[in-house]
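Structure record follows, encoded as structure tokens.
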Amino acid sequence: MTAFTVALVLVVAAAGLLRWRRPAWYWLAFGVPLAALRVLVRYRSVMDACGLTVPPARWRLSLARATNQPIPEPRPPRIRRLRPTRTGLVLRLKLRPGQDVFDIAAASDRLRHSFSMFGVTSREVRSGVVEVRMTGYDVLKRVQMPAETETRAMRVPVALREDGSVHYRDYRAIPHALTLGATESGKSVYQRNLVAGLAPLDVALVGIDCKQGVELFPLARRFSALADSPDTAAELLDALVARMADVYRLIRTQQRITVDVPDAEIAADIWDLPDELRPTPVVVLVDEVAELALYATKEEERRRDRIITALVRLAQLGRAAGIYLEICGQRFGSELGKGITMLRAQLTGRTAHRLNDETSANMAFGDIAPDAVLAAIQIPAELRGLAIAGDASGGWHRIRAPHTSLRQAVNLCNRYADRTPDLPELAPFRPTTGTATELVPSAKASPATV
């Protein structure tokens, strides 16, 4: 009995230590069987209490009356599959006639309490089938990305969602995106994860950093072009617009519109071109977009209009030419001047970290997901990196990017520096990868290398 007690105490202590230090290990070792048993045992009563059951069919009632049998109980959705994951459980349900996927979504919070889970989200897989994802612990408190993620052209993992799934930045599906965040909100870390994910791919990176390049110039070895001032940014954007026109001319000459070519082979963007003719896709990262829109003199106003016009053209026409925009900033509002709301309308993806004002949150989500506005302005200051991500479909998720230091991002960009393509149109803007004194002339600059 003493040995059994000691062993039990050791198991309980190990479970408590794992739950505190390694919640993922605790979940896989102890949480999965307990949670699965709890769900299966409580399922029928919980569904009945949450109003997720339907009355028995009339023929069942008639048969019960005719045979003098007890009246059948209300029926909950049928469980098709219960699958454990590294962060929780995935429950696939077959809805009964008369039930709707919104019924499950509305009862998510009650299901979370009833099954003693940390979070519950749902989505419709197909008509009549709903997938309920339940997380056993706070996956966003200490972000640990899965060891293996799906790899695809122009699709990179950047963060973890609150339901435990990976949040991808897919440029083929969502060409342009807007990322907002106040100072010390984690926006720069999100941007580093984006660059780190793009570095191993065959893609050209173009950066515009009007803070004298302090954010993007350390990553210069992987960038094909960089601008550190509004004047240089205006010239760089004009060069990108010219490149876009050249790519469209190439597509036009290679469309292969003849009577003997199937419609599926007609080229309409760069991805329809043969590999040997396909231009390198370009991702443009704009840090602090408000700096490009501010002006104090007439000359600066003309430069500002030139920049915003070029950005709007790239956002409207750049997708087919393989030019994708990542617009970042602390503040984004209509007071930045004409053309800003037109630019926002073309930015399908929206990501908002902690914001200091409701106006920026409205600019990010007001036109696509009004309920995400309140979630964006309620992010606590101590949870750096926590963000709300949505798109034009109206859906949104809480996400958090894993912490990536600037040194880690620099090392990764240096490792893949050989993948940096040389684009003739952007050659004048190719960053110098020498010492820091060459990049930012200063009498007190240290001779550190980039």
Side-chain angles (χ1 to χ4, degrees), residues 11-12 14-53 74-96 99-125 129-146 159-167 371-372 374-375 378-380 383 385-390 395-400 402:
V11 170
V12 172
L17 182 62
L18 285 177
R19 188 171 188 176
W20 176 44
R21 299 296 298 175
R22 291 290 186 269
W25 295 3
Y26 167 81
W27 172 254
L28 293 175
F30 300 96
V32 168
L34 294 176
L37 181 63
R38 189 165 56 243
V39 169
L40 294 176
V41 170
R42 298 180 183 177
Y43 179 75
R44 180 175 290 273
S45 61
V46 167
M47 290 296 175
D48 190 19
C50 293
L52 297 177
T53 57
R75 297 176 299 165
R78 186 185 300 113
I79 297 178
R80 280 198 165 183
R81 184 173 63 185
L82 179 62
R83 177 172 59 89
T85 66
R86 60 184 293 272
T87 59
L89 297 174
V90 177
L91 196 64
R92 183 162 291 191
L93 306 176
K94 173 63 176 177
L95 299 181
R96 301 288 184 178
Q99 291 184 322
D100 190 82
V101 63
F102 295 106
D103 299 333
I104 306 292
S108 294
D109 200 49
R110 286 174 286 172
L111 294 176
R112 176 174 66 90
H113 288 293
S114 301
F115 291 137
S116 301
M117 304 296 286
F118 184 83
V120 173
T121 59
S122 62
R123 70 180 183 92
E124 186 176 18
V125 178
V129 179
V130 177
E131 185 178 84
V132 179
R133 299 185 68 94
M134 298 181 283
T135 51
Y137 59 96
D138 187 0
V139 298
L140 300 184
K141 183 178 181 180
R142 185 182 300 165
V143 178
Q144 293 180 339
M145 299 291 285
L160 198 66
R161 291 181 177 179
E162 62 179 341
D163 61 359
S165 60
V166 178
H167 180 72
D371 53 338
L374 186 61
Q378 288 182 339
I379 297 176
L383 290 180
L386 188 65
I388 307 298
W396 59 276
H397 309 271
R398 286 183 178 87
I399 65 170
R400 195 176 190 184

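Arg86 places a side-chain heavy atom less than 4.5 Å from the side chain of Pro146. Residues Asp103 and Leu52 are in side-chain contact: their nearest non-hydrogen atoms beyond the backbone lie under 4.5 Å apart. Side-chain contact check for Val32 versus Trp27: some heavy-atom pair is nearer than 4.5 Å. Using a 4.5 Å heavy-atom cutoff, the side chains of Leu95 and Asp100 are not in contact. The closest side-chain heavy-atom distance from Arg400 to Leu160 is not below 4.5 Å. In this structure the side chain of Ile388 never reaches within 4.5 angstrom of the side chain of His397, judged on heavy atoms. Looking only at side-chain heavy atoms (C-beta outward), Leu93 and Met47 come within less than 4.5 Å of each other. Here the side chains of Arg75 and Thr53 are not in contact, with every heavy-atom distance at 4.5 Å or above.
When all heavy atoms of Pro76 and Arg96 are compared, the pair lying nearest together is O-NE, 2.8 Å. For the pair Pro402 and Ala159, the tightest heavy-atom approach, listed with the atom from each and the gap, is CD-CA, 4.2 Å. Between Ala36 and Leu82, the shortest heavy-atom contact is CB-CD2, 4.0 Å. Taking both residues in full, the closest heavy atoms of Arg112 and Phe118 are given as CD-O, 2.9 Å, listed atom of the first, atom of the second, then distance. Nearest approach of Val139 to Arg161, heavy atoms of both residues: CG2-O, 3.5 Å. Smallest separation of non-hydrogen atoms from Ser114 and Cys50: OG-SG, 4.4 Å.
Taken to the nearest 0.5 Å, the CZ atom of Arg110 stands 12.0 Å off from the CZ atom of Phe115. Arg398 CZ to Leu386 CG: the interatomic distance, rounded to the nearest 0.5 Å, is 7.5 Å. The line from CG of Leu140 to CG of Asp163 is 9.0 Å long, rounded to the nearest 0.5 Å. To the nearest 0.5 Å, the span separating OG on Ser108 from CE on Met134 amounts to 10.5 Å.
The neighbour count for Arg42 CZ, taken as heavy atoms of other residues, nucleotides or ligands under 6.0 Å away, is above 12.
No side-chain donor-acceptor contact under 3.5 Å links Gln378 to the backbone of Ala375. In this structure a side-chain-to-backbone donor-acceptor pair under 3.5 Å is present from Thr135 to Gly119.
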Determine, step by step, whether Gln144 and Thr87 satisfy the side-chain contact (heavy atoms from CB on, under 4.5 Å) criterion, reporting the C-alpha distance in whole Å, the side-chain angles of both residues, the deciding distance to 0.1 Å, and the verdict. CA-CA 10 Å; Gln144 293 180 339; Thr87 59; over 6 Å; no
Using the rule given for side-chain contact (heavy atoms from CB on, under 4.5 Å), can you reason through Ser116 versus Arg38, listing the C-alpha separation, both sets of side-chain angles and the distance that settles it, and then say yes or no? CA-CA 8 Å; Ser116 301; Arg38 189 165 56 243; 3.6 Å; yes
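Results of the side chain to side chain contact (heavy atoms under 4.5 Å, CB included) test with Val39 over Leu34, Val132, Leu89 single out Leu89 as the only residue that passes. The side chain to side chain contact (heavy atoms under 4.5 Å, CB included) test with Glu131 is passed by exactly one of Val125, Leu91, Val101: Val125.
With sequence neighbours excluded, the residues satisfying side chain to side chain contact (heavy atoms under 4.5 Å, CB included) with Arg80 are Arg92, Lys94, Arg126, Val129.
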